[in-house]
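For clarity, every value in this text was computed on a predicted model and none was experimentally measured.
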Amino acid sequence: MRFSDSLKKNDDFKNVYKKGKSYANKYLVMYVLKNNKEVNRIGISVSKKVGNSVVRHRVTRLVRESYRLHENIFNSGLDIVVIGRNNAKSASYAEIESALLHLGKLHHIIKIFFYEV
């Protein structure tokens, strides 16, 4: 992740949960809060209710990779927390990627590019 840092502290997560705006879909929940910095900070959380550590880590990797490949289209200066839901444990990479981009569009944090041919 070239343009982004990680959210690591519990207080940072709590701040985003309390003050941020959230949207959800079948696989993910996304909280977004402006952080007045140049870079995005992303945190990924997957509960024990989703599955054992192998399943939770797989969901985390899928979300992180989806964000990494598309981070150049996300607006900067945001704290983003992505929560994996129970349905995410059986989802493919394409479904997680689509869910992440869908939530980004709902939050209006994705830059839209129009190309003329």
Query raised in the report: Taking the side chain as C-beta and beyond, is there a heavy-atom pair between Ile80 and Tyr31 under 4.5 Å?
Result: no
Query raised in the report: According to the interplanar angle, ranging from 0 to 90°, do the rings of Tyr67 and Phe74 count as parallel (below 30°), tilted (30 to 60°) or perpendicular (above 60°)?
Result: tilted
Query raised in the report: Are side-chain heavy atoms of His70 and Glu97 found at a separation under 4.5 Å?
Result: yes
Query raised in the report: Would you call Asp79 and Arg41 a salt bridge, taking side-chain N to carboxylate O under 4.0 Å as the test?
Result: yes
Report task. Hey, could you give me the CG/CD1 distance between Leu100 and Ile110, rounded to the nearest 0.5 Å? Result -> 7.0 Å
**Report entry** Inter-residue atom distance Ser76.OG - Glu71.CD, 0.5 Å rounding
**Finding:** 11.0 Å
Query raised in the report: Taking side chain as C-beta onward, heavy atoms only, is Tyr27 less than 4.5 Å from Val63?
Result: no
Query raised in the report: Do Asn40 side-chain atoms and Asn75 backbone N/O form a donor-acceptor pair below 3.5 Å?
Result: yes
Requested in this report: Report yes if the side chains of Arg56 and Lys48 come closer than 4.5 Å at any heavy-atom pair, otherwise no.
Outcome: yes
**Report entry** hydrophobic_cluster_shared for Val32 and Ile44, side chain cutoff 4.5 Å
**Finding:** yes
Query - side chain to side chain contact (heavy atoms under 4.5 Å, CB included) assessment of Asn86 paired with Lys49 - result: CA-CA 7 Å; Asn86 204 17; Lys49 294 178 184 177; 5.7 Å; no
Query raised in the report: Going from OG on Ser45 to CG on Leu28, what distance comes out if it is rounded to the nearest 0.5 angstrom?
Result: 11.5 Å
Query raised in the report: Under a 4.5 Å cut-off applied to non-hydrogen side-chain atoms, are Val39 and Ser4 in contact?
Result: no
Query raised in the report: Would Val46 end up clustered with Phe13 when hydrophobic side chains under 4.5 Å apart are linked, directly or stepwise?
Result: no
Query raised in the report: How far does NZ of Lys26 sit from NE2 of His102, to the nearest 0.5 angstrom?
Result: 13.0 Å
Query raised in the report: Is there a donor-acceptor pair under 3.5 Å between the side chain of Ser66 and the backbone N or O of Leu62?
Result: yes
Query raised in the report: Would Ile96 and Met30 show up in the same hydrophobic cluster when neighbours are defined by side-chain heavy atoms closer than 4.5 Å?
Result: yes
Query raised in the report: What's the spacing between Leu103 CG and Ser98 OG if we round to 0.5 Å?
Result: 9.5 Å
Report task. Kindly compute the distance separating NZ (Lys89) from CG (Asn52), expressed to the nearest 0.5 Å. Result -> 9.5 Å
Query raised in the report: Going hydrophobic residue to hydrophobic residue with side-chain gaps under 4.5 angstrom, can you get from Val16 over to Tyr23?
Result: no
Query raised in the report: So if you build clusters from Ile, Leu, Val, Met, Phe, Trp, Tyr with side-chain heavy-atom gaps below 4.5 Å, do Val82 and Tyr93 land together?
Result: yes
**Report entry** Non-hydrogen side-chain atoms of Leu101 and Ile73 separated by less than 4.5 Å
**Finding:** yes
Query raised in the report: Any Lys/Arg nitrogen of Arg68 or Glu65 sitting under 4.0 Å from an Asp/Glu carboxylate oxygen of the other?
Result: yes
